[in-house]
Amino acid sequence: MTRAVRVRAFFALAVLALSLYITLTVPVRLGLDLRGGTQIVLETRDSPTAEADSEATDRTLEVLRHRIDALGVSEPTIARSGDDRIIVELPGVQDPREAADVLGRTAQLTFHPVLDTDPGTEPGAGSGAVDSDESGRPVRLGPSALTGADVDSAEARIDPQTGAGWFVGIEFRGRGGDAWAELTGKAACHPAGDPARRIAIVLDDKVISSPEVNASVACRTGIAGGSTQITGSFSREEARELGLLINGGALPVPVETVEQRTVGPTLGATAIEASARAAIIGTALTSLFIIAVYRLLGALAAVALACYGVISYAALAALGATLTLPGLAGFVLAIGMAVDANVLVFERAREEYAVRRKGLRSALTAGFRNAFSAIADSNITTLIAAGLLFLLASGPVRGFGVTLGIGVLASMVSALVITRALADHAVARRSVRRRPRLTGIADTGKVRDWLTRRDPDLMRRGRTWLAASAVALVLATSGIAVRGLDFGVEFTGGRLMEYAASAPVDVDRARAALADVGLPRAVVQTSGDGDLTVRTGQLTNAEAAEVDRAVGELAGGAEKIRDELIGPSLGDELRRGALIALASALAAQLLYLAVRFRWAFGASAVAAMVHDTLILVGVFAWLGKPVDGVFLAALLTVIGYSVNDSVVVFDRIRELSAANRTGGPGDPSIPGDPGDPGGKRKGIPFPVLTNTAILQTLPRTVNTGMGAVFILAALTLLGGDSLTDFALALLIGIVVGTYSSMFTAAPLAIELHARGNPPPGTRKRKREQGSR
């Protein structure tokens, strides 16, 4: 065993040991869409006295943190997003009304002296103005003497003497105790029954209590000790809510709810169960397929695939990343993508063994060496898409980008370190060397054998393929013009509520029932399993409660399993962000490919990406499927997959072009390679080189595609409603992306080359010839 093999084996064992330790000791954090609960996104707004800058948002966050702690929610999270947004996650909270009301109210608490009563004046707010007390009687208030900032704590308590009647006990901080004593001392100088003996406690410009100072309080002395009680006709819930608001303090600036999502625990549990089932079945099918094709090395790749899953999970847990539903789908998808690197290596090793007539160990080493460039380029392009999702997207889609990025890095470790360590150890065994066919790389494979016999010239009709791509593009995009796009609430703003009905609900009856509660334009959809979806414009939580009641009465009982509210400003922002993400992905891919393959190949690959993107969007338009945040994640993944295929083909074209330029051994047994009886190959036309590259990489394309299809088919059939559209988009994308890499990008590269854009290295060759 060489030193390099020992180092790889030690590194693989160290990574696995650390990953297993993290997996067993650090639980991964589940998003609310998987464990159930409510997420509220608040946006701070300017007030007449304060600007909603980052400092004000930080102070608002701390006030909200106190309120959330007082709500008693288990494991809540609150974090700032940007300069003016705060994301609050409340696991287990299924009714967002209470949480939204407590979090969103500004809670401007003030304490005023009552000047007198003035029945002849209309009520109004402000110092010296007339307001209505808790009984609805008009009172005129003096200027505020204390604010909520002077309050240290507040707690709902029950009267210890009678055991009935709730009040709120208040503890003041700093000068608040002295100011309270001064305020009550002045009021105590007035006789009992005089309105001026009362103190008004005002919350958000509303008098919530105006008690009279007790007769035992001395004039000019007031209530000392830094504490007091707010009394009134409080129920337990009212006293508790008032205590929470006062205890939380006043928000420095107003806040507005721009996004609100509620997911029932049953939906999250179902999504986890369905994804786990799809992952197990899809991974098993993929592993069996790889073992059938590559035998012993395929079995070792299946072991490395299991190690990949452990490494990815451990990385998610170690980074503290939140695993969301799209992220879970990305985790499952990356299992299929992890096969790609192994397939690339094994196919190159097959070429080295069967064509170059090398030994097992030499062929395997050469396979890893020759495949590294394509593996690196294809994974970097996918990482670009994942990075753009993280930087430009938000919420669950951003989580998908994190999971996809981790999956790509883990797949490289799995293929280039773990698989190689296992394969090096296996081919070094004497028993394996005696039976080379057992390894799976001692023959060329059925796909390559078929191509060798047929030797098709796919690029002979390059313009026909381009015309077919144009026709497919027109048919797909016409769906956008004819049917339009059904944008989800993420991009339009509004509210989406989904119910699990106890009995089937007729859509027309549901629309009529919602019209009766004032929502005649609500969009109602039902599914085959009895679920009911209602999509409307902006609704308050009170209006949403009316929808809950109407649906419940109509269905004889219904459980709300999802509730999403997106503000119009956030919808516009997300729509802009989606367009920026797509444009940035195309520009970044073009830049990278232009650097690696020159601009002609980069332009061809980007044109194929645009082709795939428009076809996928058009198909979803024809099918009437929603275009939402999860679809955006699938779309950017398709872009990455499309580039992967194109990169593998272009990498082989680059390799063949270099050999064609310098001269190299002819390989007549490789499909599409005409060889040279003199042992050298020079001056082969570029279309022939391109056709050769496609045929040489086609076995990899077929085997990788089959591995991904097994995973996605399992997600489509077993992943549940929440993952079906995601998996369907990726299935369509894989088929279209595989086609476009061969029949759109490659013919387009030939056309650009014919118009004076040579392949990599040709310009250099011309300069060398000109200098002679």
Side-chain angles (χ1 to χ4, degrees), residues 32-33 36-43 88 90 92-105 204 206 235 237-238 241 255-267 484 486-572 574 624 626 628-629 721-722:
L32 290 183
D33 53 357
T38 295
Q39 180 191 69
I40 301 175
V41 179
L42 302 169
E43 189 170 86
V88 179
L90 307 173
V93 175
Q94 301 304 311
D95 183 2
R97 284 176 295 171
E98 177 187 2
D101 290 343
V102 171
L103 294 177
R105 288 174 61 179
D204 292 342
K206 179 181 178 182
S235 65
E237 290 75 18
E238 290 170 341
E241 181 182 349
V255 295
E256 177 183 336
T257 300
V258 295
E259 181 179 1
Q260 179 177 300
R261 299 176 186 269
T262 299
V263 176
T266 55
L267 182 63
D486 181 17
F487 287 105
V489 293
E490 292 99 327
F491 299 142
T492 61
R495 194 150 190 165
L496 176 69
M497 293 168 283
E498 186 176 348
Y499 302 87
S502 57
V505 178
D506 181 71
V507 174
D508 293 331
R509 289 184 59 206
R511 292 195 184 105
L514 293 175
D516 291 340
V517 297
L519 299 172
R521 301 184 63 182
V523 178
V524 182
Q525 294 175 320
T526 59
S527 61
D529 53 5
D531 287 355
L532 179 72
T533 301
V534 178
R535 190 169 67 190
T536 70
Q538 299 297 314
L539 293 181
T540 65
N541 287 324
E543 291 170 332
E546 288 295 314
V547 176
D548 296 344
R549 181 188 59 78
V551 173
E553 292 177 355
L554 193 65
E559 177 192 359
K560 181 186 284 187
I561 56 178
R562 185 168 56 149
D563 186 348
E564 298 181 7
L565 181 150
I566 304 293
S569 60
L570 184 61
D572 292 339
L574 291 174
D628 51 16
D721 293 338
S722 51

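Heads up: numbering here begins at 1 and tracks the sequence.
Between Arg511 and Asp506 no salt bridge is recorded (no basic side-chain N to carboxylate O distance below 4.0 Å).
Contact detail for Asp486 and Gly624: the closest heavy-atom pair is OD2-O, 4.1 Å. What you find for Ala513 and Ala550 is that their closest heavy atoms are O-CB, 4.4 Å. Between Leu514 and Ala522, the shortest heavy-atom distance links the atoms CD1-CB, 3.9 Å.
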Take Val547 and Tyr499, measure what side chain to side chain contact (heavy atoms under 4.5 Å, CB included) needs, and give me the verdict at the end.
CA-CA 11 Å; Val547 176; Tyr499 302 87; 3.5 Å; yes

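The backbone N or O of Gly537 lies less than 3.5 Å from no partner atom in the side chain of Arg495, so there is not a single donor-acceptor pair.
With rounding to the nearest 0.5 Å, the separation of CG in Leu519 from CD in Glu546 is 9.5 Å. Expressed to the nearest 0.5 Å, how far CG of Leu539 lies from CE of Met497 amounts to 5.0 Å. With rounding to the nearest 0.5 angstrom, the OG1 atom of Thr533 is 4.0 Å from the CD atom of Glu498. Taking OG1 from Thr536 and CG from Leu496, the interatomic distance works out to 8.5 Å, rounded to the nearest 0.5 Å.
For Arg549, the CZ atom sits in a packed shell: over 12 heavy atoms of surrounding residues, nucleotides or ligands are nearer than 6.0 Å.
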